[in-house]
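Okay, so here's the structure we're looking at.
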Protein chains: 2
Amino acid sequence: MITLKDISIKVGKSITTVSRALNGYDDVSQETKKMIQGAAEEMGYRPNIIAQRLQKQKTDTIGFIIPTFGPRFSDPFFSEFLAGVGNMASDLGFDLLVSTQPPGEKEYKAYHKMMGDRRVDGFIIVRTRRNDERINDLLKQDFPFAVFGRIEDRNDFSYVDEDGVYGMRQIADHLVSLGHTRIGCIAPDPELMFAATRLEGLKSGLAAHDIQLNGSMHKVGDLTQKGGYLQAKAIMSDPNPPTAIVACNDLMALGAISAAQDLGLEVGRDVSITGFDDIPLAEYTHPSLTTVHQPIYQIGGMVCEMLIKTILGQELEQKHILLKPSLIIRESSGKNNR
Amino acid sequence: MITLKDISIKVGKSITTVSRALNGYDDVSQETKKMIQGAAEEMGYRPNIIAQRLQKQKTDTIGFIIPTFGPRFSDPFFSEFLAGVGNMASDLGFDLLVSTQPPGEKEYKAYHKMMGDRRVDGFIIVRTRRNDERINDLLKQDFPFAVFGRIEDRNDFSYVDEDGVYGMRQIADHLVSLGHTRIGCIAPDPELMFAATRLEGLKSGLAAHDIQLNGSMHKVGDLTQKGGYLQAKAIMSDPNPPTAIVACNDLMALGAISAAQDLGLEVGRDVSITGFDDIPLAEYTHPSLTTVHQPIYQIGGMVCEMLIKTILGQELEQKHILLKPSLIIRESSGKNNR
DNA sequence: TGAAATAATCTAAACGTTTCGGATATAAAT
DNA sequence: ATTTATATCCGAAACGTTTAGATTATTTCA
C-alpha cells in the first residue's frame with residue numbers, strides 16, 4: 001500500500017510537504033502541489049483512515065444500537081430508518097456502526113462499551129422511553145447524540161419527532177366522522193414515549209367529541225403483528241365490542257385485521273381498524289390500511305445529519321424538529337361505498 | 001483518557017512491560033502482572049482500539065452493503081438477517097459497518113471504496129446474482145468475504161445457502177396433493193440466484209407430477225408486496241386462471257393474497273397462494289400464509305462467523321453449508337375443512 | 001543596504017499501541 | 001570460576017498520519 005512516505009521519496013520532498021500538498025494547504029507552491037497530486041494519483045495513493053483517526057482522535061463513525069426484543073425482529077420501521085441514516089452518514093463521510101440489543105441492562109452496557117472503547121463519535125437514538133436512561137447517561141457524559149423521538153421532561157438535546165398527538169387527532173376525527181362512538185385501542189408499553197404521545201393524542205381527539213376511551217377497550221400490545229392479533233381478539237371478545245380499533249402502529253393494525261377476519265368480521269364494514277406509520281405494506285393489504293404517514297427514511301437522514309453536525313461542532317439551524325404526519329385514508333377504516 | 005504510558009508512570013515500569021502484562025505474556029513476573037492489572041483496572045484503562053488497529057494493520061470490522069432499490073425499502077428479511085450478523089460480529093469482537101446501495105455501478109463503487117480505504121477486513125454478501133460481479137471482484141482481489149447464497153458456476157468461496165430446490169419441491173408436492181393442476185408463479189428477476197433456484201425447484205417439483213408451468217402463468221415480480229399484488233392481478237386476469245399461485249417470497253405472496261381478495265376470491269378456497277421465507281408476518285395474516293421456513297437470523301450468524309474465521313485465518317469446518325428449509329402449512333394454500 | 005515580510009520547505013513530535021531484539025540480574029550447570 | 005540458562009524487564013522502532021515550530025531562500029520596503 002502506498003503511503004505518504006512512498007510519495008515523498010518518489011517526488012523528493014518531505015512527508016510534511018506531501019501531506020500538506022494533498023490537503024490543499026497554501027504554503028506549498030502551486031508547482032509542487034500539482035506535481036505531488038499527480039504522483040499521488042498515479043501511484044494510486046489512498047490515505048490510511050485508521051492512521052488519520054488516530055492522529056485526529058476521531059473515529060468518523062456513528063453508532064446505532066437498535067433496541068429490539070428477540071432474534072425474530074423484523075420491524076419494517078427499522079430497515080427504512082436504517083437506510084436513511086446509513087446513506088446520509090456515507091454521504092457525509094461517516095461510517096455507521098450498528099448492533100442490536102434488547103432494551104435494558106445489556107443495552108446500556110453496549111452503549112458504555114462503545115463509548116469506553118471510543119469506537120464511535122456519537123449515537124443515534126430511537127424509540128425513546130419516558131425516562132430514558134440512554135439519554136440521561138449520554139447527557140451526563142456529554143457524549144454527542146441525536147434522537148428520533150422525545151422524552152418526558154427535558155429537551156436539552158437535538159431531536160426529530162413526529163407530532164403524534166396531531167396524527168392521532170386526525171385518526172380520531174376521521175373515525176368520529178364515520179359515526180364511531182365505541183372505540184378500542186391497542187397501544188404499546190406506555191413507557192415508550194411515542195406510545196404515550198399517540199395515546200394522548202387519541203384520547204384528546206376523542207374527548208373533543210365527548211368520547212371516552214373505556215378501560216377494557218384499551219390494551220397493551222408489543223408492537224408486533226402477533227401482539228396486535230392477540231389484543232384485538234381480547235378486545236373483540238368483550239360482550240359489547242367496539243366498532244373501531246385504533247392500533248398505535250401498522251404492524252399491530254395488520255394483526256388486528258387478521259384477528260377481526262378470523263372472527264368473521266369484514267374490516268371496513270363491520271369494524272374499522274387504523275394503524276400508524278404507513279409502512280410500505282400498508283397499501284397492499286386487504287383491506288388496505290388507513291394510517292398516518294411519516295417519512296421514516298427522511299427522518300433517518302435528518303437525525304443522522306443533526307448528529308454529524310453536532311459532532312463536527314457545527315451550528316444546527318434547528319435543534320428540535322417536529323413533523324406533522326398526514327392521515328392516509330384507505331379501506332380498513334370504512335369502505336368507500338359506505 | 002488513560003493510556004499505557006499513564007499506567008507505566010504510575011507503576012514505575014516501562015510501557016512495554018505494561019503492554020505485555022495486560023496481554024498476558026509470560027515474560028512478566030506474576031507479581032508485576034498482578035500489580036499492573038490492578039492499576040489498569042483501578043485507573044479505568046481502556047485500550048485505544050484505533051491505535052491497536054493501526055499497529056495491527058487490521059480494522060476488526062466487517063462490511064455489509066445491503067442491496068436495495070429505492071429509499072422505501074423495508075424488507076423484513078434484511079432486518080432479521082442484519083440482527084443475526086450484527087450480534088455474531090459483536091460477540092466475536094468485530095464491528096459491523098453497513099450501508100445500502102441499489103445493485104449496480106454505485107454498489108460496485110461502494111465496495112471498491114471500502115476496500116481501497118481499507119475500512120473493513122471483509123464483506124458479507126447477500127442476494128447473489130447469476131454472474132455476480134461483487135463476488136468475481138472480491139475473488140480477483142483476494143479480499144475476504146462470505147456469502148448467503150450461491151452463484152452460477154463457481155463455488156470457490158464460503159457460503160451458506162438454503163436448498164431452494166428442495167423447498168419449492170415441497171410446495172409443489174403440497175399443491176399437487178391438494179388437487180391443483182393449473183399453477184401460476186410469481187418469481188423475481190431471474191438474475192437473482194435464489195429466484196432461479198426456487199423456480200427450478202418449482203418446475204422440477206411440478207414436472208414430477210407431469211405438470212408444466214405455462215408461460216403466461218409465470219410472471220416476474222420485484223420482491224415487494226406491491227409487485228406481488230400487480231403480478232397476481234395480471235395472472236388472474238387470464239381467461240383461464242390458475243387455481244394456485246406460488247410466490248417466490250412472502251412479501252409478494254402477501255401482495256398476491258390482497259389481489260385475490262380484491263377480486264372477490266377467498267384465498268384458501270377459491271385459490272391457493274404460497275410464499276417462501278416465513279417472515280414473522282406470515283403467521284398473522286388472514287388467511288395465514290403457507291410458506292417455507294428458513295432460519296434467517298441463524299443464517300446471518302453463520303455467515304458472519306464464516307467470514308470472521310476466514311479473516312482470522314482459521315480453518316472452516318465447512319466451507320459450504322446447505323440448509324434444508326421446511327414447509328409450513330397454514331391456511332392460504334387450502335382451508336383445513338376442505 | 002539592511003531589516004522586515006513572505007514563501008516554501010523541513011524536522012521532529014505526537015496520536016497509542018505492539019513487538020523485536022537486547023540488557024540485566026539471578027540461578028544452575030560445568 | 002566461568003559458562004549457560006532462565007526470568008524479568010526495557011529501549012526503540014514501527015504502523016501512517018497531522019501539525020507546531022524552525023529553517024532557509026526570496027522578495028519587499030524604507
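Here is how names work: the chains are called A, B, and so on, in the same order as the sequence lines, proteins then strands, and each is numbered from 1. Just so it is clear, the structure is predicted and the values come from calculations on it, not from any experiment.
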Mind checking if A:Asp27 touches a base, just sugar-phosphate, or nothing, with heavy atoms under 4.0 Å?
base

Can you measure B:Gln52 atom CD to C:dT18 atom P for me and round it to whole angstrom units?
5 Å

State which residue, out of A:Tyr111, A:Phe157, A:Phe64, fulfils the ring pair (Phe, Tyr, Trp, His ring centres under 6.0 Å) condition with A:Phe145.
A:Phe157

Just call it for A:Lys13: base, sugar-phosphate, or nothing, with non-hydrogen atoms closer than 4.0 Å on any strand.
sugar-phosphate

Are any side-chain N or O atoms of A:His320 and backbone N or O atoms of A:Val160, one a donor and one an acceptor, separated by less than 3.5 Å?
no

Within the 4.5 Å heavy-atom criterion, are A:Asn136 and A:Asn131 side-chain neighbours or not?
yes

Do A:Arg127 and A:Leu223 make a side-chain contact, defined as non-hydrogen atoms from C-beta onward lying under 4.5 Å apart?
yes

Minimum-distance nucleotide to B:Arg20 side chain [options: C:dT19, C:dT9, D:dT18]
C:dT19

Would you mind classifying the nucleic acid contact of A:Arg118 as base, sugar-phosphate or nothing, using non-hydrogen atoms under 4.0 angstrom?
nothing

Taking only N and O in the side chain of A:Tyr25, is any of them less than 4.0 Å away from OP1 or OP2 of C:dC10?
no

Touch class at under 4.0 angstrom, heavy-atom based, for A:Thr3 against every strand present
sugar-phosphate

Measuring to OP1 and OP2 of D:dT8, would you say a side-chain N or O of B:Thr17 lies under 4.0 angstrom away?
no

Compare the minimum distances between each of D:dC9, D:dT18, D:dT17 and the side chain of A:Asn23, then state the nucleotide with the smallest one.
D:dT18

Looking only at N and O atoms, is any donor in the side chain of B:Thr16 or the base of D:dG11 less than 3.5 Å from an acceptor on the other one?
yes

